[in-house]
Protein chains: 2
Amino acid sequence: MLQVLQAEFADVTISKIRFLEAEGLVTPARTASGYRKFSAADVERLRYVLTAQRDQYLPLKVIKEHLAAMDRGLRPTPGGKPAAPANVPETSGLPIGEDFGVLGTDLKLTRAELRDAAGITDELLDQLESHGLVVARGNHYDGDAILVAKAAAAFAQYGVEPRHLRPFRTAADREAGLIEQVAGPRRTEKTEDLAALAVRLHAALVRSRLPR
Amino acid sequence: MLQVLQAEFADVTISKIRFLEAEGLVTPARTASGYRKFSAADVERLRYVLTAQRDQYLPLKVIKEHLAAMDRGLRPTPGGKPAAPANVPETSGLPIGEDFGVLGTDLKLTRAELRDAAGITDELLDQLESHGLVVARGNHYDGDAILVAKAAAAFAQYGVEPRHLRPFRTAADREAGLIEQVAGPRRTEKTEDLAALAVRLHAALVRSRLPR
DNA sequence: GCGGACCTCAACCCTCGGTCGAGGGTTGAG
DNA sequence: CTCAACCCTCGACCGAGGGTTGAGGTCCGC
């Protein structure tokens, strides 16, 4: 019953799993007689733990926090400190390599919450909306809106105003269209993969076109 | 003489530095009488070590590899495994969250090296060049070309061909233009900051436009 | 009713990332 | 010249993290 897991990602031993359970990282269900019973979700969780440990060298304590954050609907930054819960003081300036934290998209924020979470003014938010960079769904905004707003705020510090950012919106729309065409209209794993790819391609292209 | 360092980032002790030196992470010069003498570069290095340790939980062994890679003109991935030296076997598929590794731009690759590093065919590379997604400088390609090519290859697996990716190029050109306009024609810290911002903005926008 | 896979719980172990202290040199102020 | 305050090396030690091992017992399929 455990050989299955072992096959899937070599290097997990029974004792390791027991250890991880003792640490509260997984909590598989039990059969009446006390045997562990791993659901698909448990396996997924385990996979996350093992890869985070191997590829990002995160200590279990931190991985545990990430998992907890994910359970609360946030998603952890893909490396490093756990996701900030929306209204962190935000170390000012732009320490290279700091990322803004990636929040789940199934977050619902009021306009005021968005404004505070992103640390921007109402005025800037107005402009962002009028240029279509941030859009409300109903009268709520999602986690991505925070990220957009933060990026725009940082641009603003360099004197780049929302209207200069319109082309970003256009490009993003087109790419989202392409992705939807390829991955289908429902948001699936494939959609996410393609989106990740698009972002990577884009990043590399921009870099390659900067002055030497 | 060491109080200076201690003041700069509390939590570094003399013994810690000695330890780090013993591990080969820093190698300060010595005075005639054997005292350590820290150059600005040593301090910078130290700063890198301490922040990587604190913010990314990297083990010293890995930090050491990063430093070595940086000394060789590569730049480490901003979290996780050290930069891949061009021709890694590359685990196939797209394990979520795996990043492609970011190589320095001052890398010079022949066409064949690029092809192999990205794991693509000559044909695909031809197409990428003809659509302007990858361009040679002189007759060499840089590290970003690898990233572009890898992303394109991954897209290809989803049936997305280079010609579908042209809009990415257009968008990237425009953004690079904006950045250059704001940051000036020489590549500086500011250029990098803005590029990072552009990529983040873009990523958030694409996500926000995907189907729910 | 026996062999193999599973359970628990406590003890043990190794590696990492340092700290401590003994024993000794350097420097600079008085 | 001396004394205090640093600095040096080198080996012993240490605490936390991340498991492993083993003893003693339960559960299941044949």
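Order of the sequence lines fixes the chain letters, A, B, ..., with proteins taken first and strands second; residue numbering starts at 1 for each chain. These values consider heavy atoms only, across backbone and side chains, with no hydrogens, waters or symmetry-generated copies.
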> How about A/Q181: does its CD atom have over 12 heavy atoms from other parts shown lying under 6.0 Å from it?
Replying inline: no
>> So that I can tick it off, tell me whether A/K61 and A/E23 are bridged by a salt bridge, with the cut-off set at under 4.0 angstrom between side-chain N and carboxylate O.
In response: no
> Does D/dC27 have OP1 or OP2 sitting under 4.0 Å from an N or O in the side chain of A/T31?
Replying inline: no
>> Whole angstroms only, please: what is the CD1-P distance between A/I63 and D/dG17?
In response: 13 Å
>> If you only use heavy atoms from C-beta on, which nucleotide in D/dC7, C/dA5, D/dG19 is closest to the side chain of A/K16?
In response: D/dG19
> Which whole-number value in Å describes the distance from B/F19 CZ to C/dT15 P?
Replying inline: 14 Å
>> Partner lookup for D/dT26, please. Criteria are Watson-Crick or G-U wobble with both distances under 3.5 angstrom; report none if nothing qualifies.
In response: C/dA5
> Rounded to the Å, how far apart are A/L25 CG and D/dG17 C1'?
Replying inline: 13 Å
> Once you round it to whole Å, what is the distance between C1' of C/dA5 and CZ of A/F38?
Replying inline: 14 Å
> Contact class for A/S15 vs. all strands (heavy atom < 4.0 Å): base, sugar-phosphate, or nothing?
Replying inline: base
> B/Y35 OH to C/dG24 P: how many Å, rounded?
Replying inline: 16 Å
> Considering heavy-atom distances to DNA chain D, does A/P59 or B/S33 have its closest nucleotide positioned more toward the 5' end?
Replying inline: B/S33
> Counting side-chain heavy atoms from C-beta on, which of C/dC6, D/dG19, D/dC7 comes nearest to A/I14?
Replying inline: C/dC6
> Is the shortest distance from a Lys or Arg side-chain nitrogen in A/R36 or A/D42 to a carboxylate oxygen in the other one below 4.0 Å?
Replying inline: no
> If you check the B/K61 side chain, which of D/dC6, C/dC16, D/dT26 turns out closest?
Replying inline: C/dC16
>> Salt bridge or not between B/E21 and B/R30? Use side-chain N to carboxylate O under 4.0 Å.
In response: yes
> Between B/Q53 and B/R18, which is nearer to the 5' end of DNA chain C once each is assigned its nearest nucleotide?
Replying inline: B/Q53
> What does C/dG30 pair with, Watson-Crick or G-U, if both distances are under 3.5 Å?
Replying inline: D/dC1
> Which whole-number value in Å describes the distance from B/L60 CG to C/dT15 C1'?
Replying inline: 12 Å
>> Could you tell me the Watson-Crick or G-U partner of C/dG23, where both distances fall under 3.5 Å? Say none if there is no partner.
In response: D/dC8
> Quick one: is C/dC6 close enough that its OP1 or OP2 comes under 4.0 Å of any side-chain N or O from A/R36?
Replying inline: no
> Rounding to a whole Å, what distance do you find between A/R30:CZ and C/dC7:P?
Replying inline: 6 Å
>> Without decimals, in angstroms, what is the distance between B/E23 CD and C/dG18 P?
In response: 10 Å
>> Tell me whether B/D71 is salt-bridged to B/R45, with the criterion being a basic N under 4.0 Å from an acidic carboxylate O.
In response: yes
